[in-house]
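As structure tokens, the structure follows; a few thoughts come after it.
Start at 1 and go down the list; that is how both ligands and their atoms are numbered.
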Amino acid sequence: MTKYADIHRASLENPDRFWGEAAEGIDWATPWHKVLDNPAADTYRWFAGGRLNTCYNALDRHVERGRGDQTAIIYDSAVTDTQRKISYTELLADVSRFAGALAANGVNTGDRVIIYMPMIPEAIIAVLACARLGAVHSVVFGGFAAAELATRIDDAKPQLIVSASCGIEPTRLIEYKPLLDEAIDIAKHKPARCILFQRPQTTATLIPGRDVDWVEAMQSAADHDCVIVGANDPLYLLYTSGTTGQPKGIVRDNGGHAVALHWSMKNIYGVDPGEVYWAASDIGWVVGHSYIIYGPLLHGNTTVLFEGKPVGTPDAGAFWRVAAEHKVAAMFTAPTAFRAIKQQDPEGALISDYDLSSLRTLFLAGERCDPDTLHWAEDKLGIPVIDHWWQTETGWSIAANCMGIEHLPVKAGSVGPAAPGWDVHALDSEGNDVAAGDVGAIACKLPLPPGTLTGLWQAEERFRSSYLKTFPGYYETGDAGFVDADGYIHVMSRTDDVINVAGHRLSTGAIEEVLAGHPDVAECAVIGAADDLKGQLPLGFLVLKAGVDRPHATIVAETVAMVREQVGPVAVFKKAVVVTRLPKTRSGKVLRGTMRNIADSQEYKVPATIEDPVVLDEIETALQKIGYSD
Ligand code: COA
Ligand code: AMP
């Protein structure tokens, strides 16, 4: 029995003992009554009765125990060519003061605060200040359009929004304030206050009475101490794409989250306190929450906040520069970033310009990692490259080769075995385990380990129907794949209409809702077609209303602009075709899977239930005209 297998088994046989021990890594104001409360029900809770403050665990305790002078954040901005190092002492001072500013502007424990910010240290300060107050933050990714922000404002009903004057993309400046103002205009709920951080690149106009300047808010505020909250009180909401246009508000608690993330730093990522850890993601995504902010800081690491891209800021050596310059020990990014680097520097020539001797491991997640990319990274870097699998819902890995426990052999195409705490199964439609190696719906036996979602924000019924209903006693991941004879998990595709574009999770339903709003469109469908760089790209099919005779190219261009305007540039919706009909089953279900097979030039069987197979020929011809389906 390997060390990993021993630990994994122990975690499932005696979760109380396993997570009770892990919880000793966290400072509690009041210890929990029970490690796992109500284990037989799907309303189980971790560390019930325990009380703590997550910000205290991420900052104060490190300063109290002598880590104050250590760098907490290395801010490396390739797009502004600036760097800043912030020590734990400095970060604590800023966070305490900003918590005071939030409180002075009416934010109380339990209130929601939306954070719509670029990759700057103030975004982390805002997040931790909310945690300090026991206010519930909800970070919204900067690449979403105003309408998406408005949806989140209406769902979370924030007391206050924290934003900045602009984000900086390699080729353009994104003024956040007009987007924020438009979102508040669209939303029914109006936040009482907005706090704006003015970046030197552009100054936003403030609305008197509602908007407050960050610097002024800090100057007039008093430091605020940590508010102790219950282990099961919410720490944050993070909206993620479901199958409809209405995003799901994933709720994360304080206690289980702190325990799991702290535990994961050593056991999964193999880093010790004091070492530099870098997740090259965005704070708007779950990876950013867990591994730019909370995980490294809870564990006393130095975290890198990189504002830039793997390519173009200024070149495909950006990641190597950052890793070398800051002596990064473990790095985490999405495979798409490596595909982008590989495309521009196929030989990895730029790697030799840098001293990467500190870098021990590269972790990849966010989308399926193709074996080519994995092997390229292994070959060029000469270190273990670990693909691991998780979701916004889970907050940390469901499956991983846990480097701090045991470096198991890597299998390209697999995300590794189930992480401790996870009981992962591939099920058939009846809920029975399929044979090893056979594809099924991947589901995890309840109770899930600490740190995963405790529900959907004010949507209990949706939570149950989305995750718990199909396979009673299990959490349905929405991913399909198989578990091989060695217990390694292979995640192949989604079972729903969620797609993954450059490691960003998007709902085809949300894009379809926008397309359906075009006045000439009678019916539409969106699929995720394979893309060499971004993994998938959305592709639209438009059926026009009878009598519409405007040029198809014009209509397509209008829909492209609408999606950019209403969902955001991050959707990368650039291509659509006009067809006379959509392929459907006799009961009217659109055959998106078949359309995807055609677009990706894959073999497919004509479904027996299809209403009219001839329509597939038209789809194929239309796709060939725009470069798909060879
Ligand atoms: N604010 C505003 N706009 C943003 C944005 C942000 N925070 N992030 C991305 N965008 C815009 C981009 O500028 C681009 O706009 P364009 O259509 O005008 O070019 C569009 O959204 C699409 O962005 P993206 O898909 O990221 O493409 P890209 O060409 O800018 O970069 C990669 C491609 C592969 C380099 C990039 O996607 C990447 O690094 N991905 C890693 C993903 C990741 O970290 N995922 C998190 C899970 S680990
Ligand atoms: P998100 O919630 O944005 O993190 O997206 C989660 C989804 O991304 C998962 O349900 C998977 O479909 C996909 N995903 C994440 N990591 C991996 C991985 N390592 N391999 C395959 N798919 C992944």
Those atoms of ligand 2 less than 4.0 Å from some heavy atom in H388: 18 (C), 19 (N)
Location of contacts on P170 toward ligand 1, heavy atoms closer than 4.0 Å: neither
Residue from W263, W390, F332, Y269 passing ring pair (Phe, Tyr, Trp, His ring centres under 6.0 Å) with W396: W263
Sole candidate of R564, M562, E565 that passes side-chain contact (heavy atoms from CB on, under 4.5 Å) when paired with V514: M562
Those atoms of ligand 2 less than 4.0 Å from some heavy atom in D479: 9 (C), 10 (O), 11 (C), 12 (O)
Ring centroid separation W320 to F338 under 6.0 Å: yes
Which residue and heavy atom of the protein sit nearest atom 5 (O) of ligand 2, plus the separation: R505 CD, 3.4 Å
Side chain, backbone, both or neither: the part of V287 lying under 4.0 Å from ligand 2 by heavy atom: neither
Polar side chain donor-acceptor pair, R505 to S241, under 3.5 angstrom: no
CG-SG distance between D423 and C444, expressed to the nearest 0.5 angstrom: 8.0 Å
From D370, D531, D532, D372, residue fulfilling salt bridge (charged side-chain N to carboxylate O under 4.0 Å, His left out) relative to R339: D370
Under-4.0 Å protein heavy-atom contact, atom 36 (C) of ligand 1: no
Mode of M117 contact toward ligand 1 - side chain, backbone, both, neither (heavy atoms, under 4.0 Å): neither
Proximal atoms of ligand 2 relative to V491 (non-hydrogen, under 4.0 Å): 21 (C), 22 (N)
Backbone or side-chain N or O of E367 under 3.5 Å from ligand 2 N or O: yes
Protein heavy atom at shortest distance from atom 9 (C) of ligand 1: E169 OE1, 3.5 Å
Region of P310 engaging ligand 1 - heavy atom pairs below 4.0 Å: side chain
Separation of F363 CZ from I386 CD1 (nearest 0.5 Å): 6.0 Å
Shortest protein contact, atom 8 (N) of ligand 1 (heavy atom only): F141 CZ, 3.4 Å
Heavy atom of the protein closest to atom 30 (O) of ligand 1 (residue, atom name, distance): K309 NZ, 3.0 Å
Region of R339 that comes within reach of ligand 1 [heavy atoms, distance under 4.0 Å]: neither
G167 heavy atom under 4.0 Å from ligand 1: no
Output field: ring centroids F471/H425 closer than 6.0 Å: no
Lys/Arg N to Asp/Glu carboxylate O, R84 vs E307, below 4.0 Å: no
I250 CD1 to L456 CG distance, which is reported to the nearest 0.5 Å: 5.0 Å
Heavy-atom protein neighbour under 4.0 angstrom from atom 20 (C) of ligand 1: yes
Nearest option to atom 7 (C) of ligand 2, as decided by whichever heavy atom of W389, W390, W285 sits closest: W390
Sub-6.0 Å ring centroid separation between F144 and H504: no
Close aromatic pair by centroid cut-off 6.0 Å: F319 and W278: yes
Heavy-atom proximity to atom 29 (O) of ligand 1, best of M119, K534, K574: K534
Nitrogen or oxygen atoms of G366 and ligand 2 under 3.5 Å apart: yes
T477 N/O under 3.5 Å from ligand 2 N/O: no
Among D81, D353, D315, D76, the one residue meeting salt bridge (charged side-chain N to carboxylate O under 4.0 Å, His left out) with R321: D76
Under 4.0 Å to a heavy atom of V572 - the qualifying atoms of ligand 1, by number: 22 (C), 25 (O)
Those atoms of ligand 2 less than 4.0 Å from some heavy atom in V415: 18 (C), 19 (N), 20 (N)
From CD1 (I153) to CD1 (I114), nearest 0.5 Å: 5.0 Å
N500: numbered ligand 2 atoms lying under 4.0 Å from its heavy atoms: 8 (O), 13 (C)
Proximity flag G478 to ligand 2, non-hydrogen atoms under 4.0 Å: no
Atoms in ligand 1 flagged as close to V570, the criterion being non-hydrogen separation under 4.0 Å: 21 (O)
Numbering as shown, the atoms of ligand 2 that approach D387 to under 4.0 Å (heavy-atom distance): 18 (C), 19 (N)
R252 charged N/C atom sitting above Y294 aromatic ring, 6.0 Å / 45°: no
Taking atom 1 (P) of ligand 2 as the reference point, the nearest protein heavy atom with its distance: T392 OG1, 3.4 Å
Carboxylate-amine/guanidinium proximity below 4.0 Å for K469 and E476: no
Closest to atom 41 (C) of ligand 1 (judged by heavy-atom distance), picking from T336, T333, L537: T336
